[in-house]
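Presented below is the structure to which this report refers.
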2 protein chains.
Amino acid sequence: MPQSKAPPTYNDLMSLDRQVCFGLYAASNLVIRQYRPLLAELGLTFPQYLVMLVLWESEPQTVSAIGERLHLDSGTLTPLLKRLETNGFVVRRRDDTDERRVLISLTTHGHTLRAPARQITETFREGVSFSAAETETLASSLAQLISALEH
Amino acid sequence: MPQSKAPPTYNDLMSLDRQVCFGLYAASNLVIRQYRPLLAELGLTFPQYLVMLVLWESEPQTVSAIGERLHLDSGTLTPLLKRLETNGFVVRRRDDTDERRVLISLTTHGHTLRAPARQITETFREGVSFSAAETETLASSLAQLISALEH
DNA sequence: GCAAATTTGGTTGCATGCAATTATATTGCG
DNA sequence: CGCAATATAATTGCATGCAACCAAATTTGC
(Lines give C-alpha, C1' and ligand atoms only; values in the text may rest on other atoms or scores of the structure.)
Protein backbone atom coordinates (compact mmCIF):
# COMPACT_ATOMS: atom_id res chain seq x y z
CA MET A 1 0.00 0.00 0.00
CA PRO A 2 1.63 3.28 -1.11
CA GLN A 3 2.02 6.17 1.30
CA SER A 4 0.88 9.33 -0.43
CA LYS A 5 1.82 11.74 2.36
CA ALA A 6 4.72 10.56 4.49
CA PRO A 7 6.52 12.79 7.00
CA PRO A 8 10.00 13.93 5.97
CA THR A 9 12.34 10.97 6.13
CA TYR A 10 15.56 10.78 8.07
CA ASN A 11 17.46 11.24 4.85
CA ASP A 12 15.48 14.29 3.78
CA LEU A 13 16.25 16.04 7.03
CA MET A 14 19.89 15.13 6.80
CA SER A 15 20.23 16.37 3.26
CA LEU A 16 18.52 19.63 4.26
CA ASP A 17 20.94 20.05 7.14
CA ARG A 18 23.79 19.30 4.80
CA GLN A 19 22.53 22.03 2.50
CA VAL A 20 22.60 24.51 5.36
CA CYS A 21 26.01 23.46 6.71
CA PHE A 22 27.56 23.36 3.30
CA GLY A 23 25.65 26.44 2.15
CA LEU A 24 26.82 28.57 5.05
CA TYR A 25 30.39 27.42 4.60
CA ALA A 26 30.41 27.97 0.84
CA ALA A 27 28.49 31.26 0.91
CA SER A 28 30.70 32.69 3.64
CA ASN A 29 33.84 31.77 1.70
CA LEU A 30 32.40 33.12 -1.56
CA VAL A 31 31.48 36.47 0.03
CA ILE A 32 34.93 36.79 1.60
CA ARG A 33 36.45 36.01 -1.80
CA GLN A 34 34.38 38.75 -3.44
CA TYR A 35 35.43 41.30 -0.85
CA ARG A 36 39.11 40.35 -0.82
CA PRO A 37 40.33 42.35 -3.86
CA LEU A 38 38.18 45.36 -2.88
CA LEU A 39 39.46 45.39 0.69
CA ALA A 40 43.04 44.77 -0.44
CA GLU A 41 43.02 48.27 -1.95
CA LEU A 42 42.49 49.61 1.57
CA GLY A 43 45.06 47.23 3.04
CA LEU A 44 42.48 45.21 4.97
CA THR A 45 41.52 41.54 5.13
CA PHE A 46 37.88 40.54 5.62
CA PRO A 47 38.12 39.78 9.38
CA GLN A 48 40.10 43.00 9.82
CA TYR A 49 37.31 44.84 7.98
CA LEU A 50 34.74 43.40 10.40
CA VAL A 51 36.82 44.65 13.33
CA MET A 52 36.99 48.09 11.72
CA LEU A 53 33.19 48.09 11.28
CA VAL A 54 32.84 47.46 15.01
CA LEU A 55 35.28 50.26 15.81
CA TRP A 56 33.67 52.72 13.37
CA GLU A 57 30.47 52.19 15.34
CA SER A 58 32.10 52.99 18.67
CA GLU A 59 35.57 53.35 20.16
CA PRO A 60 37.59 52.72 22.15
CA GLN A 61 36.55 49.13 22.85
CA THR A 62 38.21 46.33 24.78
CA VAL A 63 39.46 43.19 23.07
CA SER A 64 36.76 41.14 24.74
CA ALA A 65 34.00 43.57 23.67
CA ILE A 66 35.10 43.24 20.04
CA GLY A 67 35.29 39.49 20.52
CA GLU A 68 31.72 39.27 21.80
CA ARG A 69 30.44 41.30 18.90
CA LEU A 70 32.20 39.12 16.30
CA HIS A 71 32.14 35.80 18.19
CA LEU A 72 35.93 35.61 18.18
CA ASP A 73 38.35 34.94 21.04
CA SER A 74 41.68 36.45 22.02
CA GLY A 75 43.61 33.75 20.23
CA THR A 76 42.26 35.13 16.98
CA LEU A 77 41.93 38.81 17.88
CA THR A 78 45.26 39.52 19.58
CA PRO A 79 47.44 38.81 16.52
CA LEU A 80 44.86 40.39 14.19
CA LEU A 81 44.78 43.60 16.25
CA LYS A 82 48.58 43.67 16.36
CA ARG A 83 48.63 43.53 12.57
CA LEU A 84 46.07 46.36 12.43
CA GLU A 85 48.33 48.34 14.77
CA THR A 86 51.46 47.58 12.74
CA ASN A 87 49.65 48.80 9.62
CA GLY A 88 48.62 52.03 11.34
CA PHE A 89 44.84 51.50 11.60
CA VAL A 90 44.43 51.20 15.37
CA VAL A 91 46.21 51.89 18.66
CA ARG A 92 46.36 49.41 21.56
CA ARG A 93 46.82 50.70 25.10
CA ARG A 94 46.20 49.36 28.61
CA ASP A 95 43.24 50.73 30.53
CA ASP A 96 44.61 52.83 33.41
CA THR A 97 41.75 51.88 35.75
CA ASP A 98 42.02 48.13 35.02
CA GLU A 99 45.37 46.96 33.77
CA ARG A 100 43.92 43.68 32.55
CA ARG A 101 42.03 45.46 29.77
CA VAL A 102 43.48 46.60 26.46
CA LEU A 103 41.62 49.46 24.78
CA ILE A 104 41.55 49.56 20.99
CA SER A 105 41.14 52.98 19.34
CA LEU A 106 41.24 54.14 15.73
CA THR A 107 44.09 56.21 14.35
CA THR A 108 43.41 59.15 12.04
CA HIS A 109 44.19 56.80 9.16
CA GLY A 110 41.72 54.30 10.54
CA HIS A 111 38.99 56.97 10.60
CA THR A 112 39.67 58.09 7.02
CA LEU A 113 39.02 54.58 5.68
CA ARG A 114 35.38 54.77 6.67
CA ALA A 115 34.27 56.61 3.54
CA PRO A 116 36.05 54.39 0.96
CA ALA A 117 34.77 51.35 2.85
CA ARG A 118 31.23 52.51 2.14
CA GLN A 119 32.04 52.57 -1.54
CA ILE A 120 33.19 48.96 -1.30
CA THR A 121 29.79 47.90 -0.01
CA GLU A 122 28.23 49.55 -3.06
CA THR A 123 30.68 47.87 -5.44
CA PHE A 124 29.89 44.52 -3.86
CA ARG A 125 26.13 45.04 -4.24
CA GLU A 126 26.53 45.93 -7.91
CA GLY A 127 28.56 42.79 -8.59
CA VAL A 128 25.89 40.48 -7.17
CA SER A 129 22.39 40.22 -8.58
CA PHE A 130 20.66 39.92 -5.25
CA SER A 131 17.63 42.07 -4.58
CA ALA A 132 17.03 44.05 -1.40
CA ALA A 133 14.10 41.73 -0.60
CA GLU A 134 16.26 38.62 -0.96
CA THR A 135 18.93 40.25 1.14
CA GLU A 136 16.40 40.98 3.85
CA THR A 137 15.09 37.40 3.89
CA LEU A 138 18.60 36.04 4.20
CA ALA A 139 19.62 38.53 6.88
CA SER A 140 16.55 37.61 8.90
CA SER A 141 17.17 33.85 8.61
CA LEU A 142 20.79 34.31 9.61
CA ALA A 143 19.87 36.42 12.63
CA GLN A 144 17.46 33.69 13.77
CA LEU A 145 20.07 30.96 13.33
CA ILE A 146 22.74 32.97 15.13
CA SER A 147 20.50 33.61 18.11
CA ALA A 148 19.61 29.90 18.19
CA LEU A 149 23.31 29.01 18.25
CA GLU A 150 24.44 31.68 20.70
CA HIS A 151 23.01 30.09 23.86
CA MET B 1 9.05 69.22 6.89
CA PRO B 2 9.17 65.59 8.03
CA GLN B 3 9.46 62.76 5.52
CA SER B 4 7.04 60.03 6.45
CA LYS B 5 8.01 57.50 3.73
CA ALA B 6 11.55 57.83 2.40
CA PRO B 7 13.22 55.17 0.22
CA PRO B 8 15.92 53.11 1.94
CA THR B 9 18.90 55.35 2.54
CA TYR B 10 22.49 54.62 1.61
CA ASN B 11 23.13 53.73 5.22
CA ASP B 12 20.19 51.34 5.43
CA LEU B 13 21.45 49.33 2.46
CA MET B 14 24.95 49.29 3.86
CA SER B 15 23.80 48.15 7.27
CA LEU B 16 21.74 45.40 5.62
CA ASP B 17 24.76 44.26 3.63
CA ARG B 18 26.78 44.35 6.81
CA GLN B 19 24.20 42.13 8.45
CA VAL B 20 24.55 39.59 5.65
CA CYS B 21 28.35 39.69 5.50
CA PHE B 22 28.70 39.54 9.23
CA GLY B 23 25.81 37.10 9.58
CA LEU B 24 27.27 34.62 7.12
CA TYR B 25 30.67 34.85 8.75
CA ALA B 26 29.33 34.48 12.29
CA ALA B 27 26.76 31.78 11.46
CA SER B 28 29.31 29.72 9.54
CA ASN B 29 31.77 29.89 12.44
CA LEU B 30 29.05 29.12 14.99
CA VAL B 31 27.89 26.04 13.07
CA ILE B 32 31.47 24.79 12.69
CA ARG B 33 31.94 25.35 16.43
CA GLN B 34 28.81 23.28 17.19
CA TYR B 35 29.97 20.44 14.98
CA ARG B 36 33.56 20.42 16.23
CA PRO B 37 33.15 18.30 19.39
CA LEU B 38 30.76 15.91 17.62
CA LEU B 39 33.10 15.39 14.68
CA ALA B 40 36.12 15.13 16.95
CA GLU B 41 34.71 11.83 18.22
CA LEU B 42 35.05 10.52 14.68
CA GLY B 43 38.48 12.10 14.25
CA LEU B 44 37.27 14.61 11.66
CA THR B 45 37.37 18.40 11.35
CA PHE B 46 34.49 20.27 9.72
CA PRO B 47 36.14 20.78 6.30
CA GLN B 48 37.28 17.14 6.39
CA TYR B 49 33.67 16.15 7.12
CA LEU B 50 32.50 18.07 4.05
CA VAL B 51 35.06 16.23 1.93
CA MET B 52 33.82 12.92 3.35
CA LEU B 53 30.22 13.89 2.49
CA VAL B 54 31.32 14.43 -1.11
CA LEU B 55 33.09 11.07 -1.17
CA TRP B 56 30.19 9.20 0.46
CA GLU B 57 28.09 10.43 -2.45
CA SER B 58 30.49 9.11 -5.06
CA GLU B 59 34.05 7.82 -5.30
CA PRO B 60 36.73 7.84 -6.47
CA GLN B 61 36.90 11.52 -7.32
CA THR B 62 39.77 13.73 -8.45
CA VAL B 63 41.10 16.54 -6.27
CA SER B 64 39.73 19.12 -8.68
CA ALA B 65 36.25 17.53 -8.70
CA ILE B 66 36.11 17.72 -4.91
CA GLY B 67 37.37 21.28 -5.13
CA GLU B 68 34.62 22.33 -7.53
CA ARG B 69 31.98 20.81 -5.30
CA LEU B 70 33.25 22.59 -2.18
CA HIS B 71 34.65 25.75 -3.81
CA LEU B 72 38.15 24.97 -2.53
CA ASP B 73 41.48 24.88 -4.38
CA SER B 74 44.44 22.53 -4.25
CA GLY B 75 46.27 24.73 -1.77
CA THR B 76 43.58 23.86 0.75
CA LEU B 77 42.70 20.35 -0.38
CA THR B 78 46.13 18.78 -0.88
CA PRO B 79 47.24 19.04 2.77
CA LEU B 80 43.71 18.27 4.02
CA LEU B 81 43.54 15.09 1.91
CA LYS B 82 47.00 14.08 3.06
CA ARG B 83 45.81 14.38 6.67
CA LEU B 84 42.74 12.28 5.82
CA GLU B 85 45.08 9.70 4.28
CA THR B 86 47.43 9.73 7.28
CA ASN B 87 44.43 9.15 9.54
CA GLY B 88 43.25 6.21 7.44
CA PHE B 89 40.04 7.64 5.96
CA VAL B 90 41.02 7.90 2.28
CA VAL B 91 43.56 6.64 -0.24
CA ARG B 92 45.30 8.87 -2.80
CA ARG B 93 46.61 7.36 -6.01
CA ARG B 94 47.58 8.65 -9.45
CA ASP B 95 45.19 7.96 -12.31
CA ASP B 96 46.89 5.39 -14.59
CA THR B 97 45.37 6.88 -17.72
CA ASP B 98 46.26 10.49 -16.81
CA GLU B 99 49.18 10.90 -14.46
CA ARG B 100 48.22 14.52 -13.72
CA ARG B 101 45.13 13.41 -11.79
CA VAL B 102 45.06 12.10 -8.24
CA LEU B 103 42.10 9.86 -7.44
CA ILE B 104 40.71 9.95 -3.90
CA SER B 105 38.92 6.81 -2.64
CA LEU B 106 37.50 5.82 0.72
CA THR B 107 39.12 3.19 2.90
CA THR B 108 36.97 0.62 4.71
CA HIS B 109 37.29 2.80 7.79
CA GLY B 110 36.15 5.78 5.75
CA HIS B 111 33.03 3.90 4.68
CA THR B 112 32.15 2.80 8.20
CA LEU B 113 32.00 6.42 9.40
CA ARG B 114 28.98 7.11 7.24
CA ALA B 115 26.47 5.75 9.74
CA PRO B 116 27.80 7.55 12.86
CA ALA B 117 28.03 10.74 10.80
CA ARG B 118 24.29 10.54 10.25
CA GLN B 119 23.80 10.44 13.99
CA ILE B 120 25.84 13.62 14.30
CA THR B 121 23.43 15.45 12.03
CA GLU B 122 20.60 14.38 14.32
CA THR B 123 22.47 15.47 17.43
CA PHE B 124 23.13 18.85 15.84
CA ARG B 125 19.45 19.31 14.95
CA GLU B 126 18.40 18.50 18.50
CA GLY B 127 20.83 21.04 19.94
CA VAL B 128 19.44 23.89 17.85
CA SER B 129 15.85 25.08 18.08
CA PHE B 130 15.42 25.68 14.39
CA SER B 131 12.33 24.35 12.67
CA ALA B 132 12.31 22.44 9.39
CA ALA B 133 10.51 25.39 7.78
CA GLU B 134 13.14 27.88 8.95
CA THR B 135 15.86 25.51 7.77
CA GLU B 136 14.23 25.31 4.36
CA THR B 137 13.96 29.11 4.04
CA LEU B 138 17.62 29.51 4.95
CA ALA B 139 18.79 26.73 2.63
CA SER B 140 16.87 28.32 -0.23
CA SER B 141 18.30 31.80 0.40
CA LEU B 142 21.81 30.40 0.62
CA ALA B 143 21.42 28.48 -2.63
CA GLN B 144 20.29 31.67 -4.37
CA LEU B 145 23.20 33.67 -2.99
CA ILE B 146 25.71 30.97 -3.91
CA SER B 147 24.50 30.80 -7.48
CA ALA B 148 24.65 34.61 -7.67
CA LEU B 149 28.27 34.53 -6.47
CA GLU B 150 29.43 31.55 -8.51
CA HIS B 151 29.60 33.28 -11.92
C1' DG C 1 43.39 41.79 54.97
C1' DC C 2 44.20 37.87 52.15
C1' DA C 3 44.05 33.58 49.67
C1' DA C 4 41.11 31.60 46.08
C1' DA C 5 38.40 32.32 42.19
C1' DT C 6 37.62 35.05 38.28
C1' DT C 7 38.62 38.08 34.50
C1' DT C 8 41.33 39.47 30.74
C1' DG C 9 44.90 39.13 27.31
C1' DG C 10 48.68 36.70 25.49
C1' DT C 11 51.12 32.48 23.56
C1' DT C 12 51.56 28.14 21.14
C1' DG C 13 50.39 24.65 17.99
C1' DC C 14 47.51 22.84 14.50
C1' DA C 15 44.21 23.09 10.57
C1' DT C 16 42.30 25.63 7.29
C1' DG C 17 41.81 29.23 2.98
C1' DC C 18 44.03 31.18 -0.66
C1' DA C 19 47.25 33.77 -3.91
C1' DA C 20 51.25 32.93 -6.40
C1' DT C 21 54.44 29.93 -8.19
C1' DT C 22 56.31 25.50 -9.71
C1' DA C 23 56.39 20.83 -11.71
C1' DT C 24 54.65 17.36 -14.54
C1' DA C 25 51.60 15.42 -17.95
C1' DT C 26 48.62 15.94 -21.82
C1' DT C 27 46.72 18.11 -25.89
C1' DG C 28 46.58 20.79 -30.02
C1' DC C 29 48.38 22.47 -34.07
C1' DG C 30 51.31 23.21 -37.98
C1' DC D 1 57.16 14.90 -35.10
C1' DG D 2 58.03 19.18 -32.20
C1' DC D 3 56.65 22.61 -29.36
C1' DA D 4 53.61 25.90 -27.33
C1' DA D 5 49.41 25.97 -24.71
C1' DT D 6 46.70 23.85 -21.31
C1' DA D 7 45.40 21.03 -17.30
C1' DT D 8 46.26 19.28 -12.84
C1' DA D 9 48.48 18.92 -8.35
C1' DA D 10 51.83 20.29 -5.22
C1' DT D 11 54.38 23.83 -2.75
C1' DT D 12 55.13 28.18 -0.27
C1' DG D 13 53.94 32.01 2.51
C1' DC D 14 50.67 34.58 5.06
C1' DA D 15 46.33 35.38 7.76
C1' DT D 16 42.88 33.54 10.17
C1' DG D 17 40.12 30.35 13.89
C1' DC D 18 40.49 28.03 17.87
C1' DA D 19 41.75 24.79 21.78
C1' DA D 20 44.76 24.57 25.46
C1' DC D 21 47.53 26.67 28.35
C1' DC D 22 49.87 30.62 30.81
C1' DA D 23 50.42 35.19 33.29
C1' DA D 24 48.93 39.21 35.44
C1' DA D 25 45.42 41.99 37.57
C1' DT D 26 41.22 42.25 40.07
C1' DT D 27 37.32 40.78 42.76
C1' DT D 28 35.20 37.94 46.27
C1' DG D 29 34.48 35.20 50.54
C1' DC D 30 35.57 34.75 54.80
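Labels below follow one simple rule: chain letters A, B, ... track the order of the sequence lines, proteins then strands, and each chain is numbered from 1. Just so you know, these numbers use all the heavy atoms, side chains as well, and skip hydrogens, waters and symmetry mates. Bear in mind the structure is a predicted one, so any value in this text is a computation, not a measurement.
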Checklist outcome for this item: To the nearest angstrom, the CD-C1' distance between B:Glu85 and D:dA10 comes to 14 Å

Checklist entry - Would you say D:dA9 has OP1 or OP2 under 4.0 Å from some side-chain N or O of B:Arg101? => result no

Next on the checklist: So A:Leu80, base contact, sugar-phosphate only, or nothing? Heavy-atom distance under 4.0 Å.
Outcome noted: sugar-phosphate

Next on the checklist: Rounding to an integer number of Å, can you tell me how far A:Asp73 CG sits from D:dA19 C1'?
Outcome noted: 8 Å

Checklist entry - Taking only residues two or more places apart in sequence, or in another chain, which ones meet B:Asp73 in a salt bridge (charged side-chain N to carboxylate O under 4.0 Å, His left out)? => result none

Next on the checklist: If you apply the rule side chain to side chain contact (heavy atoms under 4.5 Å, CB included), what do you find for B:Gln61 with B:Leu103, and how did you get there?
Outcome noted: CA-CA 5 Å; B:Gln61 294 202 42; B:Leu103 295 175; over 6 Å; no

Item to check | Closest-nucleotide ordering on DNA chain C, the 5'-leading residue of A:Tyr25 and A:Val63 | outcome: A:Val63

Item to check | Nucleotide D:dT8, atom P - distance to CG of B:Asp96 in whole Å | outcome: 17 Å

Checklist outcome for this item: Assign each of A:Asp98 and A:Gln48 the nucleotide of DNA chain D bearing its closest heavy atom; nearer the 5' end lies the nucleotide of A:Gln48

Next on the checklist: Applying side chain to side chain donor-acceptor pair (under 3.5 Å), can you list everything that pairs with A:Ser131, at least two apart in sequence or on another chain?
Outcome noted: A:Glu134

Checklist entry - Do A:Leu53 and A:Val90 belong together in a cluster built from hydrophobic side chains that touch within less than 4.5 Å? => result yes

Checklist entry - Has the side chain of B:Thr78 got a donor or acceptor atom that lies under 3.5 Å from a matching backbone atom of B:Gly75? => result no

Checklist entry - B:Arg93 has an atom CZ; how far is it from atom P of D:dA10, in whole Å? => result 14 Å

Checklist entry - How would you label the contact of A:Ser64 with the nucleic acid (heavy atoms, under 4.0 Å): base, sugar-phosphate, or nothing? => result sugar-phosphate

Checklist entry - Expressed in angstrom and rounded to an integer, what is the separation of B:Leu72 atom CG from D:dT8 atom P? => result 17 Å

Next on the checklist: Regarding A:Leu77, tell me which of base, sugar-phosphate or nothing describes its non-hydrogen contacts under 4.0 Å with the strands shown.
Outcome noted: nothing

Checklist entry - Taking atom types as they are modelled, is there a donor-acceptor pair under 3.5 Å from the base of D:dA10 to the side chain of B:Ser74? => result yes

Next on the checklist: I'd like to know if the side chain of A:Ser140 and the backbone of A:Glu136 have a donor-acceptor N/O pair within less than 3.5 Å.
Outcome noted: no

Checklist entry - Whole-Å distance between D:dA5 C1' and B:Arg100 CZ? => result 12 Å

Checklist entry - At how many degrees, to 10°, do the end axes of the helix from C:dG1-D:dC30 to C:dG30-D:dC1 meet when each uses five pairs? => result 20°

Item to check | First encountered from the 5' end of DNA chain C, between A:Arg33 and A:Leu81 | outcome: A:Leu81

Checklist entry - To the nearest Å, how far apart are B:Glu41 CD and D:dA19 P? => result 15 Å

Checklist entry - In terms of side-chain heavy atoms, does A:Arg93 have a donor or acceptor partner in A:Ser105 at a distance below 3.5 Å? => result yes

Checklist outcome for this item: Bounded by its outermost nucleotides with an atom under 4.0 Å from a heavy atom of chain A, the footprint on DNA chain C reads C:dT7 to C:dA19

Item to check | Atom pair distance, as rounded to whole Å: CD in B:Glu68 and C1' in D:dA9 | outcome: 14 Å

Item to check | With sequence neighbours excluded, residues passing salt bridge (charged side-chain N to carboxylate O under 4.0 Å, His left out) with B:Glu85 | outcome: B:Arg92

Next on the checklist: Can you list everything that forms a salt bridge (charged side-chain N to carboxylate O under 4.0 Å, His left out) with B:Arg33? Sequence neighbours excluded, please.
Outcome noted: none

Checklist entry - Which is true for A:Thr45 with a 4.0 Å heavy-atom rule: it touches a base, it touches only sugar-phosphate, or it touches nothing? => result sugar-phosphate

Checklist entry - Any idea how B:His71 and A:Phe22 line up, ring-wise: parallel (<30°), tilted (30 to 60°), or perpendicular (>60°)? => result parallel

